[in-house]
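What follows is a short report on a single structure.
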Amino acid sequence: MSQRYQSQLCRCAGALGLALLASGLTIFPIGAGASEDRLQQLRSYYRALRQQTWQLYESANMLPRDIRGLTIADDLRAHGLTREKARSLDEQLAAAESGAGQDGEALVDATAMAVTTQLLGEVGRFTEIANYWTGSGVAVRARDNWTSFLKINGLPEAQDLDPAIPVLEKRLLEELQAGDFRAAGRVSAPELAALYGKARMTLTRQVAGSRSGAAPVRDFRNRSAPCTTPSPQPPGGPAYPPTSRRLSQEGTVVLRLRQSPEGCTVAAAVVISSGYTALDDAAVDWALQTPADPGEARGPGVERTKDLAVSFKFEDE
């Protein structure tokens, strides 16, 4: 095989490795069996890509729909390795393999070059689609969390949003319509999620000030364990609920704490919800498991009530 073809094949293997990593599915052992015939390696890479594509089709119902209301299967059908493309590549590979036994080295080389070029394009699209869907939920979850945050906290739906949000949503939809998954996944979707998160934090601070003396949105829950024998406390703050981490849920919970004269939190309630019940519950559990804080001691017979903000962010993990 020509040096140019071998170089393209190596690029194909590397790109496929990225695609499979991005998909989060079974990783094909790129580089295994280095003594195999180059054409057989190419077929192996192609089969791995095809297998991963079909598996993503099957996974479509397990992944949340994106901001368009579509699934990854919809994008693969429109932009990925379709069955028609797969059939064409199968035929070309079969033609190259049949030429190998007839001393048709030039024909094999030319056909393999053409297939490799096509396969590189498919791998590139697969990688971009997989990368987009790896984090696609971030934008739709941020938007859904905004709606949930308003509802749980009893806030009116009509809220002033950053004017950049509708502009960015439009841009994201246009990129996806054009099949530009690279820009959508790496720039627009994360930026949109960040803007919704910023809007939620701004509103949280505003509402916290207005609710300093108001009733909490959830009833107080009393401590069940004595302060002298608290449950184990995760260092640095509450433990991240596994399901919330898997779903990329973030937010800030504002708690109202009732503390004993010794500085022990004896009851806790949610003043402002994060928008996610699991995060709210984790914050309350943590507050009711912390040991007494000598710095909060107020003297005999003096109790206090204070508000505390507890944030859940992935960078804090």
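Owing to the predicted nature of the structure, the values given are computational and were not obtained by experimental measurement.
Tested against Trp146, the residues Ile165, Leu195, Leu203 include a single side-chain contact (heavy atoms from CB on, under 4.5 Å) partner, Leu203.
Nearest heavy-atom pair, Asn145 versus Ser274, reported as atom, atom and distance to 0.1 Å: ND2-O, 3.3 Å. Ala193 and Ala142 make their closest contact through CA-CB, 3.7 Å (heavy atoms, listed as atom of the first residue, atom of the second, distance). In this structure, Gly275 and Ser148 approach most closely via the heavy-atom pair O-OG, 2.7 Å. Here the closest non-hydrogen pair linking Glu250 and Tyr276 is O-CE1, 3.4 Å. Scanning all heavy atoms of the two residues, the minimum distance from Leu192 to Leu168 falls at N-CD2, 3.2 Å. Between Pro190 and Ala184, the shortest heavy-atom distance links the atoms CD-O, 4.0 Å.
Looking at heavy atoms from C-beta onward, Ser224 lies out of side-chain contact with Leu288 at the 4.5 angstrom threshold. Residues Glu128 and His79 fail the side-chain proximity criterion, which asks for heavy atoms closer than 4.5 Å. By the 4.5 Å heavy-atom criterion applied to side chains, Thr252 and Met201 are counted as neighbours. Counting only heavy atoms from C-beta outward, the side chains of Leu155 and Val207 approach each other to under 4.5 Å. In this structure, the side chains of Arg218 and Asp281 come closer than 4.5 Å at one or more pairs of heavy atoms. The closest side-chain heavy-atom distance from Phe220 to Arg256 is below 4.5 Å.
Once rounded to the nearest 0.5 Å, the distance linking CG of Leu76 with CH2 of Trp133 reads 9.5 Å. Note that CG of Leu150 and CZ of Arg200 are 10.5 Å apart. Values are rounded to the nearest 0.5 Å. With values rounded to the nearest 0.5 angstrom, Leu176 atom CG is found 6.0 Å from Asp66 atom CG. Rounded to the nearest 0.5 Å, atoms NZ (Lys306) and CG (Leu255) are 10.5 Å apart. Taking CG of Asp307 as the start and CG of Leu257 as the end, the distance is 7.5 Å to the nearest 0.5 Å. To the nearest 0.5 Å, atoms CG (Asn222) and OG1 (Thr265) are separated by 12.0 Å.
Using bins of under 30°, 30° to 60° and over 60° for the plane-to-plane angle, the ring pair Tyr240/Phe312 lands in the perpendicular bin.
Connection of Val284 to Leu308 is established within a shared hydrophobic cluster, with ILVMFWY side chains joined at heavy-atom distances below 4.5 Å, either directly or through further cluster members. Note on Ile152: it does not cluster hydrophobically with Leu279, by side-chain heavy-atom contacts below 4.5 Å among ILVMFWY residues.
The environment of CZ in Arg211 is crowded: more than 12 heavy-atom neighbours from other residues, nucleotides or ligands sit within 6.0 Å. Surrounding CZ of Arg182 are at most 12 heavy atoms belonging to other residues, nucleotides or ligands under 6.0 Å away.
Partners of Asp144 according to the side chain to side chain donor-acceptor pair (under 3.5 Å) rule, which considers only residues two or more places apart in sequence or in another chain, do not exist here. For Glu174, there are no salt bridge (Lys or Arg N to Asp or Glu O under 4.0 Å) partners, not counting sequence neighbours.
Classification of Asp180 and Arg171 as a salt-bridged pair fails, no side-chain N sitting under 4.0 Å from a carboxylate O.
No donor-acceptor contact under 3.5 angstrom links the side chains of Asp75 and Tyr132, judged on distance only.
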